[in-house]
Structures are given as C-alpha cells and as structure tokens.
There are 2 protein chains.
Amino acid sequence: MRLDETDHRLLAALADDARLPNNALAAKVGIAPSTCLTRVRHLREKGVIRGFHADVDPALAGRPLQAIIAVRMQGHARSRLTAFLHQLAELPGVLNVFLLGGAHDFFVHVAAPDSDGLNDFVVENLSVNPDVALTETNLIFRHVRASWY
Amino acid sequence: MRLDETDHRLLAALADDARLPNNALAAKVGIAPSTCLTRVRHLREKGVIRGFHADVDPALAGRPLQAIIAVRMQGHARSRLTAFLHQLAELPGVLNVFLLGGAHDFFVHVAAPDSDGLNDFVVENLSVNPDVALTETNLIFRHVRASWY
DNA sequence: TATGAAACAGCATAAGT
DNA sequence: ACTTATGCTGTTTCATA
C-alpha cells in the first residue's frame, strides 16, 4: 500500500486529534468531505490507523508511579516469549510491553498506585515466574508522548 | 480530585474507542447522555483525559523498524535534561521519550524507515551531542499497547 | 478517482422535572 | 441526575466530471 502526501496529512491530523470532525479534517487537508471520509475509511481498513484512543493520565487516574521494567528470561523459555508478552499486556496497570532483541527480552511499561503496588507487580507477576531470570526496574520521572505523527 | 466507578468506566470506554459517540457511551456506562457529556467534559478539563489520538501503525506508515534507545548523559549535563527531553520529542520518528532515574537517563522510543535511518538518528541526534555519554540501541520485535485502561 | 449537492440520520445542547 | 425537545452538523448516497 502506498500513502501519498494527503494520507500523511490525514494521519498527522488524526494522530493529533482523533475526534476532529470529518468536515474540519477535510478543510484542514484541503479535500472534499466525502473524499476525506473514504480515505480515512481506507486507512482504517488497511490497518494504517489501528484505532482511536483517549490518552488518560495515569497519575490522575490513581497510578502516579510509572516504571519501565527490563526483563530477561531464562534461555529455555524462548518459545514462550510471545505468550508471556500478551499475558503481561492483560495485567492491570500495564501500559506497553516491548519484545526486544538484545541484552533484555522485554520492557514492561507499567503504572502503579504507589511504591508498594509497583513492588507487588514485579514480585507477583515477574519474579515469581520461573522463566524470568532477572528484572531491572527503572522509575519514570517524566514521560513525553511525541507528536510524530 | 476523586474518580468514582462511573468515571473509571468512562475512561476505560474512551481509552478503548475515543470516537464512541456520547449517546453510545452513556448507554454503555448506564447514565443519561447529558450527564455523560458533563462528566467527560470535566475529565478533560481536569486533565484526566489528556487528549484523543489516532493510533497509527508506524510499520504501515513507512517506518517498519522500531527501537528503544537507552541514553546516558554526562554528569555535568543534568541541568539540561528537561530541555533535551522535549527536543528529542520533536524529532521525526520519535514516539515516546522517558526521563528515568537509575542507570540510564532516557529511553527514546523511535521508529525508523530502515536500518540506515535508525543509525542516522542515533548518530545525528544523540552521539553527536557532547552531553551524551553513551547510547544503547534495543531493537523492538513486537510492541503490544496494553488495554489498561 | 475526486467532487458537489441534497436527503437523511444522529448528535449536542439546553430547557424543565 | 434524568427526560424531552429542538436546532444543527456530520454522514451518506448519488450523479457528475
């Protein structure tokens, strides 16, 4: 699939404001509303746009403490990596999970209510798992969601 | 600010689908549309909802190669951390920037068109900066955006 | 394939209970 | 906080180029 300049401008506009009405979006990009509608629909159907999400501030939603936990698995557990990836993503407070190549196997981006909650998360969901070799918790002081789009 | 059960359900629903119409949202949560409208407005005004964004697949938008680059700064550059944080967030291809406590100062989550593009990013934006002590590039094989909400 | 017009449907808003 | 009513805007379809 090939994206032209107009598509990129549509993506940029919707990444900035997912609720931009079709009329306003069309005007912003310089095409007719009907054209705009079909283009956006195509972008969704092709999977270029995966969805529209509200960006909730974890701190104001009761989880002020964020961390990225680096996880290394035991060598023999390689076959279970993908299953574990999705298992982690279902846990409360988990924001993102990254499957990596390199020194670590996972980065788990998590938001916890407090220090105890974070510790509990690591112990109960990671350390307790015999496939997990080691974890390394990095506290997040600031998180900037970039505008790219 | 205190969030009740209804607020949490609103947040969960909008985090899942930012474009859910107010009517449908109200029905889903079990409140009247007008009540729903005012509650969502409050959540936005208070900053609990920071915005609504389209989730664009970087791979299908011309940037199939993702990485998380760990960055350590020189000791004397601590005062410039925040400025650098926002500077990084403006660069093309940058998805997230995390300011950390611990062994590393930053994690930079970036999407590049290819291997050369990724290398260029690290060299031109990080290595070239005298405040940067070292970088460690971790390739991302899979990325799951968790459903928490 | 993009456009423009016109009919339709559906929502946001604000009143009153 | 809910219900109802109103005005309006987005959305869709179709014909056209």
Side-chain angles (χ1 to χ4, degrees), chain A residues 1-63 92 113 145 147-149, chain B residues 1-64 92 111 113 145 147-149:
Chain A
M1 165 159 202
R2 185 154 176 77
L3 303 181
D4 62 11
E5 184 55 30
T6 302
D7 289 320
H8 282 289
R9 294 175 66 184
L10 289 173
L11 292 174
L14 288 176
D16 179 56
D17 179 8
R19 287 194 150 187
L20 198 62
N22 185 63
N23 274 342
L25 179 61
K28 189 168 193 170
V29 174
I31 57 178
S34 55
T35 311
C36 185
L37 209 60
T38 62
R39 280 208 184 226
V40 172
R41 182 155 43 209
H42 284 140
L43 289 171
R44 280 180 51 168
E45 285 167 354
K46 294 283 174 70
V48 182
I49 296 176
R50 290 186 288 211
F52 301 97
H53 303 286
D55 177 23
V56 177
D57 187 338
L60 297 184
R63 294 179 176 270
R145 168 177 255 105
S147 50
W148 185 95
Y149 291 131
Chain B
M1 165 160 202
R2 183 154 177 74
L3 304 181
D4 63 12
E5 184 55 29
T6 301
D7 289 320
H8 282 288
R9 294 176 66 184
L10 289 172
L11 292 174
L14 289 175
D16 179 57
D17 180 7
R19 285 193 151 187
L20 197 62
N22 185 65
N23 275 340
L25 180 60
K28 188 168 193 170
V29 174
I31 58 178
S34 59
T35 312
C36 184
L37 206 63
T38 61
R39 283 189 108 121
V40 171
R41 183 156 40 213
H42 283 141
L43 289 170
R44 281 180 52 168
E45 287 167 354
K46 294 282 175 69
V48 182
I49 296 176
R50 290 186 287 212
F52 300 97
H53 305 285
D55 177 23
V56 178
D57 186 338
L60 296 183
R63 294 179 177 268
R145 168 178 253 104
S147 51
W148 186 95
Y149 286 132

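Below, each value reflects all heavy atoms present in this structure, side chains not excepted, and no hydrogens, waters or symmetry copies. In what follows, chains carry the letters A, B, and so on, assigned in the order in which the sequence lines appear, proteins first and then strands, with residues in each chain numbered from 1.
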Using whole Å, report how far CD1 of B/Ile31 lies from C1' of D/dT3.
-> 14 Å
Value for SG (B/Cys36) from CZ (B/Arg41), rounded to nearest 0.5 Å, stands at 11.0 Å
Taking only nitrogen or oxygen atoms into account, show me every contact under 3.5 Å that the protein makes with nucleotides 4-10 of chain D, one pair per line with its distance.
{"residue": "D/dG10", "atom": "OP2", "partner": "A/Asn23", "partner atom": "ND2", "Å": "2.4"}

Mark yes when over 12 heavy atoms from residues, nucleotides or ligands other than A/Arg44 sit less than 6.0 Å from its CZ; otherwise mark no.
-> no
Below 4.0 angstrom, N of the basic side chain to O of the carboxylate: do B/Lys46 and A/Asp57 qualify?
-> no
Measure across [X] and [Y] and return the closest heavy-atom pair with its distance rounded to 0.1 Å.
{"X": "B/Arg50", "Y": "A/Pro58", "answer": "NH2-CD, 3.6 Å"}
{"X": "B/Pro33", "Y": "B/Asn22", "answer": "O-ND2, 2.9 Å"}
{"X": "A/His8", "Y": "B/Ala61", "answer": "CE1-O, 3.9 Å"}
{"X": "A/Asp7", "Y": "A/Asp4", "answer": "N-OD1, 2.9 Å"}

Main-chain N/O of A/Ala18 paired with B/His53 side-chain donor or acceptor, under 3.5 Å = no
So, does A/Asp16 use its side chain to make a donor-acceptor pair with the main chain of A/Ala13 at under 3.5 Å?
-> no
Taking the side chain as every heavy atom from C-beta outward, state whether B/Leu43 and B/Leu3 have any atom pair closer than 4.5 Å.
-> yes
Range on DNA chain C touched by chain B, heavy atoms, distance below 4.0 Å | C/dC11 to C/dA14
Looking at five pairs on each end of the helix from C/dT1-D/dA17 to C/dT17-D/dA1, what is the angle between the two axes, given to 10 degrees?
-> 30°
